[in-house]
Novice: 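Here it is: the structure, laid out below.
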Amino acid sequence: MSSPRYAAIMGWGMAVPRRVVTNDELAQRIDTSNEWILTRTGITQRHVAGPDEFTSVLATAAGREALERAGVAPEAVDTLIVATCTPDRPFPATASAVQRNLGIPRAGAFDLAAACSGFVYGLSVGTGLIKSGMSQTLLLVAADVFTSLIDWEDRNTCVLFGDGAGAVVLRATEQPYGLLASNIGSWGEGETMMAVDVGGTREPATPALLEQRRQYVYMHGREIFKHAVRGMCESAERAVADAGVSLDAIKLVVPHQANLRIIEAVAKRLALPMNRFFVNLDRYGNTSAASVPIALYEAVQQGRLVAGDLVLLTAFGGGLTWGSCVVRWGMSPQ
Ligand code: ACO
């Protein structure tokens, strides 16, 4: 049997925690203001996970919705990828818990860690598995409880992030839908531009290190800003060229939702109007790997994408990682 040429997106789902934390609520706890957060980032609120809303819980909810929407039974899934940098446990993979929760028997299941670029990386890897013939039906979930890494006393980071999950079902097809071209990149020299130093094998947590609050994320925001714009623009231009289309043919750009000013800088550099970019970071903040699929979900829900449209996904994250995907949305009626 010859390998399928495409992997169409058949279903999509999302989940966010119940609790909403507004900028004003944060301003009551730390030295910040709604005005500062809004003008520097565009964020007005974020969803923050409670103790019963850990990564696999959100991932399971998003994955279940995607399967239902696709009309795909859990038994039909042969591969499950969970893109996350905030796993339930250090070991084993969070994908194992999601697999159990969804009742997916015996599929290959693994985690993929590419921080905020996780969904774009996952879509590239997942499509590759389908194109090679190794997978027929694949569930890709991107989920992060990034607030678990946040020091709520650090105003440089705590205002930026929220929690959530997004998922898609990919299925082998001969029709030209799904991922048409993608590229992923990383710059290892930037490993500590944004990181959590303590709690892994390099620096295991000790009471003294925890006392110093070293288990939380730190970042060099301004430097990341510059690399983010460059990484997203260069990979977007390459993906569009590799897909054999022009930027004009792209109906909608769904970028990683970290900061409105980063998205505006990308729009300017790509010479595209802001009305071609989907933005929902005002309500969710930066949800790490979940950000792109949550935005994609809402874009579809709002009628900004219909079957046959070309959509450009572009993201960057810790690592530093980045990547872009050109996707033909939907699938023609059978
Ligand atoms: N409230 C009030 N003041 C603040 C706050 C806050 N929440 N946070 C920082 N400040 C202060 C700083 O202390 C600084 O004060 P100083 O000049 O007295 O030292 C001042 O505001 C300006 O700080 P800058 O760093 O210059 O602010 P900037 O305009 O660069 O915006 C920001 C900061 C929003 C972090 C921006 O640089 C950014 O978005 N960078 C990208 C970060 C990012 O997206 N990271 C996620 C990567 S994706 C992933 O993998 C999860």
Side-chain angles (χ1 to χ4, degrees), residues 21-46 48 55 83-87 112-122 142-166 184-188 190-197 216-233 235 255-266 279 281-282 284-295 313-324:
V21 175
T22 63
N23 291 350
D24 285 332
E25 191 179 335
L26 285 179
Q28 286 167 14
R29 288 194 249 151
I30 53 163
D31 182 15
T32 190
S33 64
N34 177 47
E35 203 261 334
W36 193 96
I37 302 170
L38 196 54
T39 52
R40 298 288 176 132
T41 71
I43 298 165
T44 60
Q45 63 171 52
R46 70 285 294 141
V48 175
T55 301
T84 186
C85 61
T86 52
L112 184 159
C116 304
S117 308
F119 184 77
V120 164
Y121 267 58
D144 269 315
V145 177
F146 206 84
T147 62
S148 64
L149 305 178
I150 290 297
D151 180 350
W152 288 105
E153 289 174 17
D154 176 9
R155 68 178 186 173
N156 291 299
T157 51
C158 77
V159 302
L160 302 175
F161 296 97
D163 303 322
I184 53 175
S186 181
W187 183 58
E191 179 203 11
T192 51
M193 211 170 261
M194 175 178 187
V196 175
D197 282 341
Y216 296 124
V217 71
Y218 64 86
M219 67 173 196
H220 302 286
R222 278 194 185 179
E223 284 305 302
I224 292 175
F225 196 117
K226 284 184 246 164
H227 286 278
V229 175
R230 185 176 159 190
M232 288 202 285
C233 289
S235 72
H256 173 43
Q257 308 283 314
N259 183 324
L260 183 60
R261 289 189 299 144
I262 292 177
I263 297 175
E264 286 169 347
V266 169
V279 176
L281 60 83
D282 49 322
Y284 298 110
N286 179 349
T287 56
S288 189
S291 135
V292 170
I294 287 177
L313 314 177
T314 184
F316 73 94
L320 296 175
T321 57
W322 60 83
S324 295

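Order of listing sets the numbers, starting from 1, for every ligand and every atom in it.
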Novice: State whether the side chain of T147 and the backbone N or O of V48 hold a donor-acceptor pair below 3.5 Å, judged by distance alone.
Specialist: no

Novice: Quick one: does Y216's side chain get under 4.5 Å of T157's, heavy atoms only?
Specialist: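 Side chain of Y216 against side chain of T157, heavy atoms only: no contact under 4.5 Å found.
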
Novice: Pick one of side chain, backbone, both or neither for how T32 approaches ligand 1, counting any non-hydrogen atom pair under 4.0 Å.
Specialist: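 Both backbone and side chain.
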
Novice: Does some non-hydrogen atom of the protein lie less than 4.0 angstrom from atom 19 (O) of ligand 1?
Specialist: no

Novice: Taking 4.0 angstrom as the limit and counting only heavy atoms of H256, give me the atoms of ligand 1 inside it, by number and element.
Specialist: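 Once the distances to H256 are compared, the set is 48 (S).
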
Novice: List every atom of ligand 1 that sits less than 4.0 Å from any heavy atom of A115, numbering the atoms from 1 in the order shown and giving each element.
Specialist: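 This gives 50 (O) as the contact atoms.
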
Novice: Please state which protein non-hydrogen atom is closest to atom 13 (O) of ligand 1 and give its distance, to 0.1 Å?
Specialist: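 Closest protein heavy atom to atom 13 (O) of ligand 1: R155 NH2, 3.2 Å.
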
Novice: Might you work through the side chain to side chain donor-acceptor pair (under 3.5 Å) test for D282 and T44, ending with a clear yes or no?
Specialist: CA-CA 5 Å; D282 49 322; T44 60; 5.1 Å; no

Novice: Could you tell me whether the side chain of R46 and the main chain of L160 form a donor-acceptor pair under 3.5 Å?
Specialist: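 A pair under 3.5 Å: no.
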
Novice: Under 3.5 Å between some N or O of ligand 1 and some N or O of R261?
Specialist: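 There is such a contact, yes.
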
Novice: Counting from 1, what ligand 1 atoms have a heavy atom of G318 closer than 4.0 Å?
Specialist: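 Every atom of ligand 1 under 4.0 Å from some heavy atom of G318: 49 (C), 50 (O).
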
Novice: The test is side chain to side chain contact (heavy atoms under 4.5 Å, CB included); show your working for L320 and E223 and say whether it passes.
Specialist: CA-CA 11 Å; L320 296 175; E223 284 305 302; over 6 Å; no

Novice: When you measure from atom 29 (O) of ligand 1 to every protein heavy atom, which one gives the shortest distance, and what is it?
Specialist: R40 NH1, 2.7 Å

Novice: For ligand 1, is there an atom lying under 4.0 Å from some heavy atom of N156?
Specialist: yes

Novice: Would you mind telling me if ligand 1 is within reach of the side chain of N286, the backbone, both or neither, using heavy atoms under 4.0 Å?
Specialist: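 Looking at N286 and ligand 1, just side chain atoms fall under 4.0 Å.
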
Novice: Provide the number and element of each atom of ligand 1 under 4.0 Å from a heavy atom of G317.
Specialist: 48 (S), 49 (C), 50 (O)

Novice: What is the closest protein heavy atom to atom 30 (O) of ligand 1, and at what distance does it sit?
Specialist: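 Nearest protein contact, heavy atoms only, for atom 30 (O) of ligand 1 is R222 CG, 3.3 Å.
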
Novice: Any chance CD of E25 has more than 12 other-residue heavy atoms, nucleotides or ligands included, within less than 6.0 Å?
Specialist: yes

Novice: Just need the protein heavy atom nearest to atom 41 (C) of ligand 1, so name the residue and atom and give the distance.
Specialist: G221 O, 3.5 Å

Novice: Would you say that V21 contacts L26 through its side chain, given a criterion of any heavy-atom pair below 4.5 Å between the two side chains?
Specialist: yes

Novice: Return the option from I30, I37, I224, T39 holding the heavy atom at the smallest distance from atom 43 (C) of ligand 1.
Specialist: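 Shortest heavy-atom distance from atom 43 (C) of ligand 1: I224.
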
Novice: For atom 44 (O) of ligand 1, find the nearest protein heavy atom and state the residue, atom name and distance (0.1 Å precision).
Specialist: A258 CB, 3.5 Å

Novice: Of N156, D197, D154, which meets side-chain hydrogen bond (donor to acceptor under 3.5 Å, both in side chains) against Y218?
Specialist: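 Among N156, D197, D154, the one meeting side-chain hydrogen bond (donor to acceptor under 3.5 Å, both in side chains) with Y218 is D197.
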
Novice: Among protein heavy atoms, which sits nearest to atom 48 (S) of ligand 1, and what does the distance come to when rounded to 0.1 Å?
Specialist: C116 SG, 2.9 Å

Novice: Nearest protein heavy atom to atom 33 (C) of ligand 1, by residue and atom, and its distance?
Specialist: W36 CH2, 4.1 Å

Novice: Let me confirm one number: the CH2-CE distance from W322 to M232, rounded to the nearest 0.5 Å.
Specialist: 12.0 Å

Novice: I'd like to check which ligand 1 atoms, numbered from 1 as shown, lie under 4.0 Å from a non-hydrogen atom of V159.
Specialist: 7 (N)

Novice: Anything under 30° is parallel, anything over 60° is perpendicular, the rest tilted; go ahead and classify W187 against H227.
Specialist: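 Rings of W187 and H227: parallel, as their planes differ by under 30°.
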
Novice: Against N34, only a single residue in T22, D24, N23 fulfils side-chain hydrogen bond (donor to acceptor under 3.5 Å, both in side chains); can you say which?
Specialist: N23

Novice: Check A143 against A289 and note the closest heavy-atom contact, atom names and distance.
Specialist: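 Looking at all heavy atoms of both residues, the shortest contact is N-CB, 4.5 Å.
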
Novice: Heavy atoms of the protein only: does one fall short of 4.0 Å from atom 50 (O) of ligand 1?
Specialist: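 True for atom 50 (O) of ligand 1.
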
Novice: Nearest to atom 45 (N) of ligand 1, what protein heavy atom do you find, and at what distance?
Specialist: M219 SD, 3.4 Å

Novice: May I ask whether atom 37 (O) of ligand 1 is less than 4.0 Å from at least one protein heavy atom?
Specialist: yes

